[in-house]
Amino acid sequence: MRRWLHMKDKYNFKELEPKWQKIWEEKGIYHVTPHETKPKYYALEMFPYPSGKLHMGHTRNYAIGDAIARFRRMNGYCVLHPMGWDAFGLPAENAAIERGIPPSDWTRTNIDQMRHQFQRLGLSYDWRREVASCHPGYYKWTQWLFLQLFKHGLAYRKKAQVNWCPACQTVLANEQVVQGLCDRCDTEVIKKELEQWFFKITDYADRLLENLDKLQGWPEKVKTMQRNWIGRSEGVEVVFKLKDTCDDIPVFTTRHDTIFGVTYVVLAPEHHLVEKIIADSPREQEIRRFIGEVTRTSEIDRTSELAEKTGISTGAYAINPMSGQEIPVWIGNYVLPHYGTGAVMGVPAHDQRDFEFSKKYDLPVKRVIASPNQNEGMEAIGAAYEDAGIMVNSPGFDGMESEVGKDAIADFMESRGIGKRTINYKLRDWLISRQRYWGAPIPIVYCDSCGTVPVPEDQLPIELPLDVEFRPTGQSPLNDIPEFVNVECPKCGGTARRETDTMDTFMCSSWYFIRFACPRMEDKPWDPETANYWLPVDQYTGGVEHAILHLMYSRFFTMFLHDLGLLETDEPFAHLLTQGMVLKEGAKMSKSKGNIVGLQEMLDAYGADTARLFILFASPPERDLEWNEQGVEGASRFLSRIWRLVYEFQGEIRSCDSLQTDMSGLNSQERDMRRKVHATLKKVTQDLDRHSFNTAVAGTMELVNSLYQFRDIARTGTKARAVMQEAIHTVLLMLAPLVPHITEELWHEIGHSGSIHQESWPTVDESALVETEIEIVIQVNGKVRDRMRLQKGRDSEYLKTEALKRDRVMELIQDKNVRDVFVVPDRLVNIVTA
RNA sequence: GCCGGAGUGGCGGAAUCGGCAGACGCACGCGACUCAAAAUCGCGCGGAGCUUACCCUCCUUGGGGGUUCAAGUCCCCCCUCCGGCACCA
């Protein structure tokens with residue numbers, strides 16, 4: 001009995017999915033090494049935190065990434081598609097505190113579980129390259145990177161007002177504070193004065209900004225978010241002198257054209273001169289009370305636009321360096337200590353905020369910009385005039401257009417040494433210390449005689465001790481381990497103390513995409529030649545929630561490494577796809593809402609291919625996706641439909657020993673069918689290329705529907721059979737990147753012995769697309785009124801005459817004059833009547 | 001407030017360059033198969049009117065205006081939703 005007769009009549013994913021997963025793994029068909037002749041392609045999805053369970057958001061991310069990787073592979077690229085674990089972080093510590101499981105064990109168990117789920121999804125990773133950021137072989141190089149930054153003056157320690165999350169018991173970077181709340185646990189963040197490690201990302205502010213224009217493959221949305229975050233603004237820093245003490249009060253402004261309109265100066269309550277000014281003021285107590293109130297206010301309340309602007313006069317005066325005028329010095333709650341110089345000049349006539357402040361405290365308003373349109377004073381309007389205009393009341397600059405005046409004033413200030421052109425950023429340095437255990441230790445030692453000493457590179461990694469007592473105290477638990485803390489100074493050999501803070505986990509994830517090039521290299525973080533072969537990542541796929549944090553830190557690292565000569569590229573990700581969320585009943589799936597659809601349940605009930613197909617079909621990747629159980633049924637039904645089609649024809653297909661390639665002499669039905677096959681192939685190829693998975697699936701469904709209609713004809717002769725055979729091959733190949741198991745199974749059922757995933761993408765036979773006859777739409781006054789079938793390629797004149805001859809057309813235009821006729825060749829004729 | 005993105009049948013969505021709106025799927029309805037049900041296969045499916053044969057006509061892509069022979073697509077104004085930023089001097 002011949003083997004194919006054993007083909008099951010029903011699609012049984014439970015049997016075939018594990019079977020192929022095992023074979024793929026054993027044969028290592030997704031293993032990759034640099035290839036001399038093939039073009040390279042680096043497909044990457046954001047590596048997950050090993051929480052223990054994959055959810056639908058993960059599934060979507062990885063289904064999209066896998067489809068991209070597989071499609072490129074079939075198109076002749078040498079594809080790097082790796083996966084790893086962002087394995088340091090707080091949940092492991094919390095699990096340890098709650099359940100007494102050491103973070104390393106908890107993390108390892110979770111990784112094992114999640115890797116198993118990844119494998120059950122049939123994702124085409126080269127698992128030999130797996131990395132975990134908590135592995136000493138990995139974080140050795142995270143620490144090495146810290147040392148390189150330190151060596152180049154980009155890692156430094158300073159005492160500063162920092163964000164402290166009382167729940168997480170650690171400091172946070174600015175990027176990790178969202179509307180005053182902790183990004184991770186939504187607890188209100190408080191300010192603490194602490195000495196911490198920072199990375200000087202601000203040195204790269206301009207490049208981070210400018211390079212965005214080069215990133216053609218990034219969504220505009222993400223680039224805009226980064227631009228806003230960097231917040232570059234051009235202006236001048238102009239120095240006001242304190243009247244009695246001659247202390248400098250530098251002020252940053254973008255409206256130096258309004259300098260003659262300054263009627264007061266406002267300092268942030270935290271400004272360093274405040275102490276000096278109020279020290280012997282008769283109103284000292286009153287002022288201190290005000291400052292106390294402001295600094296006690298939380299960051300959210302203080303920076304909320306709704307918050308009332310309050311201030312207090314210090315009684316001191318400053319001198320306007322341009323006009324020589326004396327103006328009062330105030331302290332205001334709305335002046336932020338960490339932007340610009342922590343002091344602002346007040347121009348109530350031309351800044352709405354200053355205008356309101358001046359009204360409240362009865363400060364003078366002095367108009368220095370006249371609106372070009374109207375001459376009446378703005379006092380009557382009750383608002384500041386913030387637009388450009390003509391300068392007035394500005395001796396030496398009167399009559400100038402304010403934009404021109406800006407330059408003139410900046411030049412004047414620079415020539416007199418009272419101010420200089422300056423660029424300010426909202427971006428601040430990246431705070432990377434964390435007072436927690438489960439992270440990469442900072443490779444620094446403090447010595448009484450040598451000070452801050454970097455650990456020599458040959459002593460890396462500084463390993464994290466594994467048995468640790470957990471008490472969340474706000475101090476790193478590493479403090480309690482004398483063997484860890486007490487060390488010899490690497491410089492002088494004297495007694496020294498190790499830094500006990502660990503690094504922000506975003507540090508670990510800012511370079512993992514490079515490590516994948518050489519995941520097991522021991523003497524170097526990577527081999528430059530290999531890394532330069534693979535990088536940059538050609539297509540990066542992940543959630544938009546990382547638009548700023550992870551994506552900007554990674555760009556910063558890549559630029560830095562480029563500057564060191566360790567990488568050729570200075571941008572890590574050439575193309576970025578940010579996939580939408582998976583929703584249930586319109587809401588994000590979350591534990592608290594209890595609306596999570598677990599992957600495990602999906603895999604058990606429908607299998608990996610159905611889950612993947614539904615997720616890709618239901619919505620375009622960037623858009624949010626509403627989870628719909630009935631939609632999943634539909635996806636499953638489609639796969640069964642393909643299964644039955646192949647089942648029905650596998651005898652015929654196998655009986656042709658080789659693929660029929662002679663397609664001459666087809667009758668018209670066969671030709672139409674074949675045209676549909678190649679037209680679909682063309683469409684699906686384009687769709688996958690632009691990541692339009694939903695339309696690619698829809699197109700394939702349409703083709704399968706047509707093939708069902710063609711079934712009876714397919715049995716009428718060898719030519720028809722050959723068309724069906726080619727069609728089924730094409731369908732399986734087109735779907736292989738999306739649903740790898742069923743296509744592999746059927747590929748073997750129709751007589752192939754090699755893997756479908758090592759096949760080449762099919763080629764469109766352009767000759768099959770040629771249509772001799774075509775339908776032309778006839779419009780009268782823009783409305784479709786008739787259609788005609790004609791030979792393709794007729795000229796406009798012919799189409800026009802033919803259209804006007806039609807009964808239907810003559811009937812409609814009988815008593816009217818034809819004013820004009822528009823012809824789109826091979827498409828439509830529009831007859832316009834008077 | 002500012003900056004993005006979106007708004008299309010009962011639902012998810014399609015229309016890639018200004019040229020037939022509603023592909024494909026879900027749901028629903030009808031038919032075939034069946035003792036029956038499920039599954040499957042086939043057909044129908046935006047709304048209204050007119051015919052209740054086929055046809056035909058009108059309306060319809062958040063609302064209003066415009067450009068054009070022709071607009072879901074381009075321009076102007078407005079509404080709603082989502083995301084980001086938000087006293088940044």
Side-chain angles (χ1 to χ4, degrees), chain A residues 10 178-179 219-229 231-233 235 251-256 258 266 268 302-309 332-336 338-347 351-354 356-357 424-427 544-545 547-548 578 580-581 586 613-614 617-620 622-635 637-638 640-641 644 683 686-687 689-690 692 694-705 708-709 711 775-785 787 808 819-824 827-833:
Chain A
K10 282 216 182 72
V178 179
Q179 316 240 302
E220 218 35 66
K221 176 183 165 151
V222 174
K223 290 196 277 187
T224 305
M225 283 167 72
Q226 291 208 357
R227 277 190 199 104
N228 289 341
W229 188 262
R232 182 192 146 103
S233 73
V251 154
F252 176 72
T253 179
T254 54
R255 289 301 303 273
H256 36 289
T258 65
V266 193
R302 179 154 164 209
T303 57
S304 156
E305 207 176 353
L306 305 166
E308 198 187 355
K309 288 164 196 53
N333 67 342
Y334 68 96
V335 181
L336 305 171
H338 43 69
Y339 183 77
T341 61
V344 299
M345 59 185 216
V347 188
D351 180 284
Q352 188 58 27
R353 189 186 42 200
D354 294 345
E356 283 162 24
F357 194 77
N424 247 297
Y425 302 92
K426 283 202 323 186
L427 180 71
V544 74
E545 64 273 18
I548 294 171
T578 50
M581 290 186 298
L613 183 69
F614 169 70
F617 176 61
S619 187
E622 304 81 7
R623 217 182 290 187
D624 287 348
L625 181 154
E626 176 66 34
W627 189 262
N628 173 356
E629 190 80 19
Q630 282 164 333
V632 180
E633 295 275 0
R637 213 173 293 162
F638 174 58
S640 296
R641 214 163 136 79
R644 283 190 301 271
K683 177 198 161 54
Q686 285 166 354
D687 282 354
D689 199 51
R690 63 186 178 113
S692 182
N694 55 331
T695 55
V697 173
T700 315
M701 285 174 166
E702 236 180 298
L703 175 59
V704 170
N705 290 345
Y708 263 74
Q709 306 290 330
R711 279 176 304 167
E775 190 180 71
I776 308 285
V777 165
I778 303 172
Q779 296 182 332
V780 177
N781 295 325
K783 285 184 176 136
V784 182
R785 288 292 133 104
R787 293 152 198 281
R808 178 98 181 93
R819 203 178 69 200
D820 215 342
V821 179
F822 292 83
V823 181
V824 183
R827 278 203 124 132
L828 110 177
V829 178
N830 188 10
I831 298 157
V832 184
T833 62

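The chains referred to below are lettered A, B, ... by the order of the sequence lines, with proteins before strands, and numbering in each begins at 1. The shown structure was predicted, so the numbers you read here are calculated from the model rather than taken from an experiment.
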[X] near the nucleic acid: base, sugar-phosphate alone, or nothing, with a heavy-atom cut-off under 4.0 Å?
X	value
A:G231	nothing
A:V335	base
A:E629	nothing
A:V824	base
A:V344	base

Check: Does B:C78 sit syn or anti, given that only angles within 90° of 0 count as syn?
Finding: anti
Notebook entry, point to check: With syn defined as a glycosidic torsion within 90 degrees of 0 and anti otherwise, which applies to B:G9?
Noted result: syn
Margin query: For A:R711, I'd like to know if atom CZ has over 12 heavy atoms of other residues, nucleotides or ligands within 6.0 Å.
Written below: yes
Could you give the distance separating [M] and [N] at their [atom1] atoms, to the nearest angstrom?
N	M	atom1	answer
B:A6	B:U16	P	14 Å
B:C24	B:C77	P	39 Å
B:G72	B:G9	P	14 Å
B:G64	B:G7	C1'	16 Å
B:A23	B:A38	C1'	30 Å
B:A71	B:G18	P	14 Å

Do any side-chain nitrogens or oxygens of [X] fall under 4.0 Å of OP1 or OP2 in [N]?
X	N	result
A:Q352	B:C2	no
A:R644	B:C41	yes
A:R641	B:G42	yes
A:R785	B:C20	no
A:T224	B:C85	no
A:N705	B:G25	yes
A:Y708	B:C41	yes
A:S619	B:G13	yes
A:R353	B:C88	yes

Find the distance [X]:[atom1] to [N]:[atom2] and express it as a whole number of Å.
X	N	atom1	atom2	answer
A:D624	B:C82	CG	P	12 Å
A:F357	B:C87	CZ	C1'	12 Å
A:E626	B:A27	CD	P	16 Å
A:M225	B:G84	CE	C1'	5 Å
A:F822	B:G19	CZ	C1'	12 Å
A:F614	B:G13	CZ	P	10 Å
A:K783	B:C58	NZ	C1'	8 Å
A:K309	B:C88	NZ	C1'	13 Å

Margin query: Go nucleotide by nucleotide along RNA chain B from the 5' end; which of A:V178 and A:S692 gets its closest nucleotide reached first?
Written below: A:S692
Check: Mapping A:P620 and A:V823 to their closest nucleotides on RNA chain B, which lands nearer the 5' end?
Finding: A:P620
Check: So A:T700 and A:F638, side chain to side chain contact (heavy atoms under 4.5 Å, CB included) or not? Walk me through it.
Finding: CA-CA 10 Å; A:T700 315; A:F638 174 58; 4.3 Å; yes
Next item on the list: Determine, for A:R227 against A:E220, whether the closest basic-nitrogen to carboxylate-oxygen distance falls under 4.0 angstrom.
Entry: yes
Selection from [options] that lies nearest to any side-chain heavy atom of [X]:
X	options	result
A:N333	B:C20, B:C87, B:C88	B:C87
A:K426	B:C69, B:A27, B:A86	B:A86
A:E702	B:A14, B:G19, B:C24	B:C24
A:A698	B:A23, B:A89, B:C69	B:A23
A:R637	B:G25, B:A27, B:A89	B:A27
A:K221	B:C20, B:C56, B:G83	B:G83
A:Q779	B:C20, B:G13, B:C59	B:C20
A:Q630	B:C26, B:G12, B:A14	B:C26
A:N694	B:C3, B:G13, B:C69	B:G13
A:A618	B:C85, B:C87, B:G12	B:G12

Note to self: Under a 3.5 Å threshold, yes or no: a donor from one side chain and an acceptor from the other, between A:S619 and A:N694?
What the structure shows: no
Checklist line | Check: A:D687/A:T695 side-chain N/O donor and acceptor closer than 3.5 Å | finding: yes
Margin query: Tell me the closest heavy-atom pair linking A:L828 and A:I776, and the distance in Å.
Written below: CA-CG2, 3.9 Å
Check: What pair of heavy atoms forms the shortest contact from A:M225 to A:A547, and how long is it?
Finding: CE-CB, 3.5 Å
Check: Between A:V697 and A:L613, is any pair of side-chain heavy atoms under 4.5 Å apart?
Finding: yes
Next item on the list: List the steps and the verdict of side chain to side chain contact (heavy atoms under 4.5 Å, CB included) for A:V829 and A:V821.
Entry: CA-CA 7 Å; A:V829 178; A:V821 179; 3.7 Å; yes
Note to self: Testing A:I831, A:N830, A:V832 one by one against A:Q779 for a side chain to side chain contact (heavy atoms under 4.5 Å, CB included), which residue passes?
What the structure shows: A:N830
Atom pairs, protein N/O to nucleotides 6-8 of chain B N/O, distance under 3.5 Å:
none

Margin query: For A:F357 together with A:Y334, are the ring centres under 6.0 Å from each other?
Written below: yes
Next item on the list: Fill in the dot-bracket string of RNA chain B, one character per base: . for unpaired, | for a pair to another strand, ( ) or [ ] for pairs within the strand, taking Watson-Crick or G-U pairs under 3.5 Å.
Entry: (((((((..(((......[....))).(((((.......))))).((((......))))..(((((..]....))))))))))))....
Notebook entry, point to check: On a plain distance test, is the side chain of A:N228 in donor-acceptor contact with the base of B:C85 below 3.5 Å?
Noted result: no
Check: About how many Å separate CG of A:D351 and CZ of A:R353, when rounded to the nearest 0.5 Å?
Finding: 5.0 Å
Margin query: Distance check, rounded to the nearest 0.5 Å: A:W229 atom CH2 versus A:K426 atom NZ?
Written below: 7.0 Å
Notebook entry, point to check: If we require ring centres under 5.5 Å and near-parallel planes under 30°, does A:Y334 stack on B:C87?
Noted result: no
